[in-house]
Undergrad: 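This is the structure I want to talk about, given as structure tokens.
Order of appearance sets the numbers: ligands from 1, and atoms from 1 within every ligand. If you're wondering where the values come from, they're calculated on a predicted model, not measured in any experiment.
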Amino acid sequence: MIYITGDTHGFNDIDKLVLNKTLASLSKDDYLLITGDFGGIWDGGMHDEDILDYYTERPYMTLFVDGNHENFDLLNSYPVEQWNGGKIHRITDKVIHLMRGQIFNIENMSIFTFGGALSIDKAYRTFGTSWWPEEEPSEEEYSEAIENLEKKGFLVDYIVTHAAPESIVRNEINTAHKLLCLDCETEKFLDKVLKRAVYRRWYCGHYHFDMDIPEHRLTVLYQNVLDIKTQNRVK
Ligand SMILES: [Fe+2]
């Protein structure tokens, strides 16, 4: 089974995992997918070791797309491997980073992944210490995503991103939560994907609340942990 949740930010937002009895009962064949701001590749030291130990000791495999708050110097220093049809960084035996623009086949489900977003608090962060320009994807990553989607005719089972498409942020999300809309290239790109893709469900994180947008079959995740297939919440 595959379960999915929102931003974890290192130890800051993992109560939803620590307190979750369903997750504690999973097996090594199950997956937890985090929709970015994993925060376990951050200082390259004790903090990361403790976080990675936590995930490595879980019964399930942890997968994550990158958010805007990751240490991209460290993340990109891991060797790239092929895994289930797409490119990954293998962080530990039990923790895998699903790279941008890939389509994975996991448990007979095709899952398009595309991390990254613009940091709203960029002005308060330090280049190379708490902020990296790679938070927003490169032209190569946008192109690779489109190429991989075109190979599948833009038809996938699930889309998993950190940000949401810009039109959904401006309309549904902003209407409900009065977000400050930024000039986020990732959101603009995801709008292009939204116009062409055929999918069962789109999951994203980033906005730090849980919200269901039925007209776009899109679920914004933060505290909820859902079964990716049924969208049922597990506790
Ligand atoms: Fe976040």
Side-chain angles (χ1 to χ4, degrees), residues 3-20 23 32-44 47-48 50-52 54-55 62-76 89 91 95-100 113-137 141 159-166 168-170 172-174 176-190 202-213 218-226 228 233:
Y3 297 89
I4 190 160
T5 192
D7 304 25
T8 46
H9 307 116
F11 282 117
N12 293 337
D13 281 310
I14 63 166
D15 278 1
K16 59 198 168 204
L17 312 183
V18 175
L19 303 173
N20 195 301
L23 292 181
L32 174 69
L33 208 169
I34 297 167
T35 56
D37 281 7
F38 171 64
I41 309 294
W42 189 252
D43 71 348
H47 167 272
D48 294 2
D50 289 347
I51 278 283
L52 295 175
Y54 171 79
Y55 285 103
T62 299
L63 312 173
F64 68 97
V65 299
D66 47 278
N68 47 309
H69 296 148
E70 318 287 358
N71 181 332
F72 287 98
D73 288 340
L74 285 177
L75 191 56
N76 292 329
H89 291 120
I91 309 300
V95 180
I96 287 176
H97 169 227
L98 304 176
M99 292 176 68
R100 296 170 179 169
T113 56
F114 200 80
L118 182 72
S119 289
I120 191 168
D121 55 355
K122 187 171 150 179
Y124 304 100
R125 291 176 171 266
T126 309
F127 183 99
T129 305
S130 56
W131 180 82
W132 290 263
E134 293 86 357
E135 65 175 12
E136 289 234 79
E141 288 168 323
I159 296 179
V160 177
T161 59
H162 186 55
E166 187 188 48
I168 297 178
V169 177
R170 287 195 183 277
E172 288 82 2
I173 294 179
N174 195 30
H177 290 275
K178 303 280 175 276
L179 280 183
L180 180 64
C181 283
L182 296 172
D183 205 21
C184 174
E185 293 301 326
T186 317
E187 290 174 350
K188 288 179 193 171
F189 171 76
L190 294 175
W202 186 319
Y203 293 98
C204 71
H206 189 44
Y207 305 99
H208 298 181
F209 44 74
D210 292 275
M211 182 179 180
D212 190 32
I213 304 173
L218 185 142
T219 303
V220 183
L221 288 163
Y222 186 35
Q223 297 297 355
N224 288 346
V225 182
L226 307 184
I228 197 169
R233 188 177 174 198

Undergrad: Could you tell me the angle subtended at the Fe ion (ligand 1) by NE2 of His9 and OD2 of Asp37, rounded to 10°?
TA: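 NE2 of His9 and OD2 of Asp37 make an angle of 90° at the Fe ion (ligand 1), to the nearest 10°.
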
Undergrad: Please state the angle at the Fe ion (ligand 1) spanned by NE2 of His208 and OD2 of Asp7: what is it, rounded to 10 degrees?
TA: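 The NE2/OD2 angle about the Fe ion (ligand 1) sits at 90°.
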
Undergrad: Quick check: does His69 have an N/O/S atom under 2.8 Å of the Fe ion (ligand 1)?
TA: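 No.
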
Undergrad: Restricting to non-hydrogen atoms, name the atom on Tyr203 and the atom on Ile228 that form the minimum distance, rounded to 0.1 Å.
TA: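 Residues Tyr203 and Ile228, closest heavy atoms: OH-O, 2.7 Å.
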
Undergrad: Quick check, are the ring centers of His177 and Phe209 under 6.0 angstrom apart?
TA: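 Under 6.0 Å, so yes.
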
Undergrad: Can you tell me if Thr113 uses its side chain to pair, donor with acceptor, with the backbone of Arg100 under 3.5 Å?
TA: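 Judged by distance alone, no pair lies under 3.5 Å.
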
Undergrad: I want to know whether Tyr55 and Phe64 have ring centres closer than 6.0 Å.
TA: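 No; Phe64 has its ring centre 6.0 Å or more from that of Tyr55.
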
